[in-house]
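Right, one structure below, let's go through it.
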Amino acid sequence: MTIYRTHCCNELNLRNKNQKVKLSGWVNKKRDHGNLLFIDLRDHYGLTQCVVDKSKSIFKEIEKIPLETVLKIEGIVIEREKETVNESLETGEVEVRIENFEILGHTKELPLPVFSDQEYSEEIRLKYRFLDLRRKKIHNNIILRSKIISFIRTEMQKYGFLEYQTPILTSSSPEGARDFLVPSRLNPGKFYALPQAPQQFKQLIMVSGFDKYFQIAPCFRDEDARADRSPGEFYQLDLEMSFVEQEDVFKIVEELFVNLFKKFSSKKLLHEKFPRIPFDEAMLKYGSDKPDLRNPLEISDLTEIFKRDDVNFDIFKKLVSHGSIVRGIVTKNTSEKSRSFFDGIDKWAKEEGSSGLAYFSIEKSENLIAKGPVGKFFSEKSLKEIMKLMNASIGDTIFMSCGKKSEVEKLLYKARNKIANELNLIDDNVFSFCWVVDYPMFEFDENTKKIEFSHNPFSMPQGDTNNLDLSEPLKLKAFQYDIVCNGIELSSGAIRNHKPNLMYKLFEIAGYSKETVNDKFSGMINALSYGAPPHGGIAPGIDRIVMLLADEKNIREVTMFPMNQNAQDLMMNAPSEVDDNQLKELNISKRKN
RNA sequence: GGGGGUGUAGCUCAGUUGGUUAGAGCGAUCGCCUGUCACGCGAUAGGUCGAGGGUUCGAGUCCCUUCACUCCCGCCA
């Protein structure tokens, strides 16, 4: 009890009948009958209907109070007549008869309605975020976020992890995303960088002997935004463990995620032991390293089919003879679908910038036949082979794409989603987790024509690390893994390379000299030379976890004060100009051109 | 950096083939109404049709430029 309230707006019920109470909150809604006025008073906790009629001298005054004014109301708890009880309200059995009131906070005319389910422009929402956040849905999302983070902390501590803070001002690193830079006043011409993740620090924590670390860690990356990617900053559940291998990390994370998702969602988990899918298999079967396993469609390679003499699909055959590949998706029992369905898919594929998706359905009269625009090019024997390869039956349809490997993968990844959505094959009431494992250590960058780290340069390569064959670096796999849920990448992690000599060799393959490594990763490489334990970890994205659990498509819906797509805070006017004096002190001058 | 969508009253939107004075709901203001819970009824105010330019007898509507918001590609180890 405070001078402002004896109860919160969700608390009153019949047990409080006839009590004199004080409530404080916002005017959510008024229903003015002229001689009788209802006010729904709202606070963080709930809603209470308050009522006053013209017999009270304050009636005329209270009638004029606009919505979203902050009021303190004093009154008596009254039992509602049976027929006026509001079942949908926690406090719906009672109402407060207003005896007195005080305006605690006036409001100007509102730029947006708080009591409304209608959508309104992102610009208004972000500028008046404090009003937007009063609305029920987003208010509850933010509460959910808090509860999720709190649950994670408790669980992690239960598993024996301790939370440690790491610096926000650190050094720029050459790998990865663009850094946010902070000029140093005391070191003219030098810059700090905000951490893209506490990657090096968490490994240093392991070298320091702390064994199990976690942190709800802010991460800063100066890259462009997406619906599921905040510009600038986001949060990770960063964790790292010593004396573990990959499966030990998986065990902890699976337990955490299963408990977390069971607690905060009524949706079912498709697997409680998450499937492990090798990267190469994921790229083949799903066209992506973030497969949505709710989707039953799978991709198969059909390139060999187009080398047969009894297949006359010349366009594909010609491309295949020049090194292209063919892959396809089979859909079950779709041969009776309308022509417009198939043409719609083909048209969609062309809009995606491809040359389209060839298709035929398998039917049987006397013999097996392929029905569809390209069906005539396939012999019965070749059809049997395709059916065997793709596990297809009579009545099924085969969609095919031909081209460069990366293009085919990309198109069929999208086509898998498109076709599954058209056929309504995805169960929206399910969470489907999986691990993608065995990532390649390196990849070939077509643009720079150089070998680069495909993920994290600190990952441990697979194989005999004391005697590793580095002659074919593109064939090297790493103990590098991703966790994926419903097609959304939640996190990357790895068993780290704690052997400095091996690390120098790997960096050399990616074009970094020993001197560069010493210079750019001095903290890390130095530490690894003084008795580093084997260690590994992962860093699931908090924002995306909350998005999944809140069933939201946009990260702003689970972020209290987000920036817009251009990385501006419309409420605080950030970024902003600064005084010339500030710049001078920092030894910075603006370029004039 | 590139592509798509949107922009009309404080908010959400409609606006036909280019044609008279640009409309509705919510909100605001005023009036009526004692059981509503999206209360109801009536009235009033409120518009640089994102901005600039062009075509036309005439532009919210067509064209060009530009700005803002948003979605996607690039980017995000």
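Proteins get letters first, then strands, A, B, ... in listed order; numbering begins at 1 in each.
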> So, does the side chain of A:Arg80 form a donor-acceptor pair with the base of B:C37 at under 3.5 Å?
Replying inline: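 Check passes, donor-acceptor contact within cut-off.
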
>> Base of B:C76, side chain of A:Arg229 - is there a donor-acceptor contact under 3.5 Å?
In response: yes

> Using a cut-off of 4.0 Å on non-hydrogen atoms, how would the nucleic acid contact of A:Lys553 be classed: base, sugar-phosphate, or nothing?
Replying inline: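 It contacts nothing in the nucleic acid.
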
> Looking only at side-chain N and O atoms, does A:Lys410 come under 4.0 Å of OP1 or OP2 in B:G74?
Replying inline: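 Looking at the OP1 and OP2 atoms of B:G74, one of them is under 4.0 Å from a side-chain N or O of A:Lys410.
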
> With respect to the phosphate group of B:U70, does any side-chain polar atom (N or O) of A:Asn554 fall under 4.0 Å of OP1 or OP2?
Replying inline: no

> To the nearest Å, how far apart are A:Leu131 CG and B:U12 P?
Replying inline: 13 Å

> How long is the line joining CD of A:Gln49 and P of B:A38, in whole Å?
Replying inline: 10 Å

> Ring-on-base stacking between A:His33 and B:C39, under 5.5 Å between centres and under 30° between planes: is it there?
Replying inline: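 Answer is yes, a stack.
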
>> If you assign A:Glu63 and A:Glu123 each to the RNA chain B nucleotide with the nearest heavy atom, which residue ends up on the more 5' nucleotide?
In response: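 Its nearest nucleotide lies further toward 5', so the answer is A:Glu63.
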
>> Would you measure the distance from the C1' atom in B:U70 across to the matching atom in B:G54 and give it in whole Å?
In response: 29 Å

> Taking atom CD of A:Glu281 as the centre, does the number of heavy atoms from other residues, nucleotides or ligands within less than 6.0 Å exceed 12?
Replying inline: yes

> Should we count OH of A:Tyr45 as having more than 12 external heavy atoms under 6.0 Å?
Replying inline: no

> So which nucleotide does B:C62 pair with, by the Watson-Crick or G-U wobble rule with both distances under 3.5 Å?
Replying inline: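 Across any shown strand, B:C62 pairs with B:G54.
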
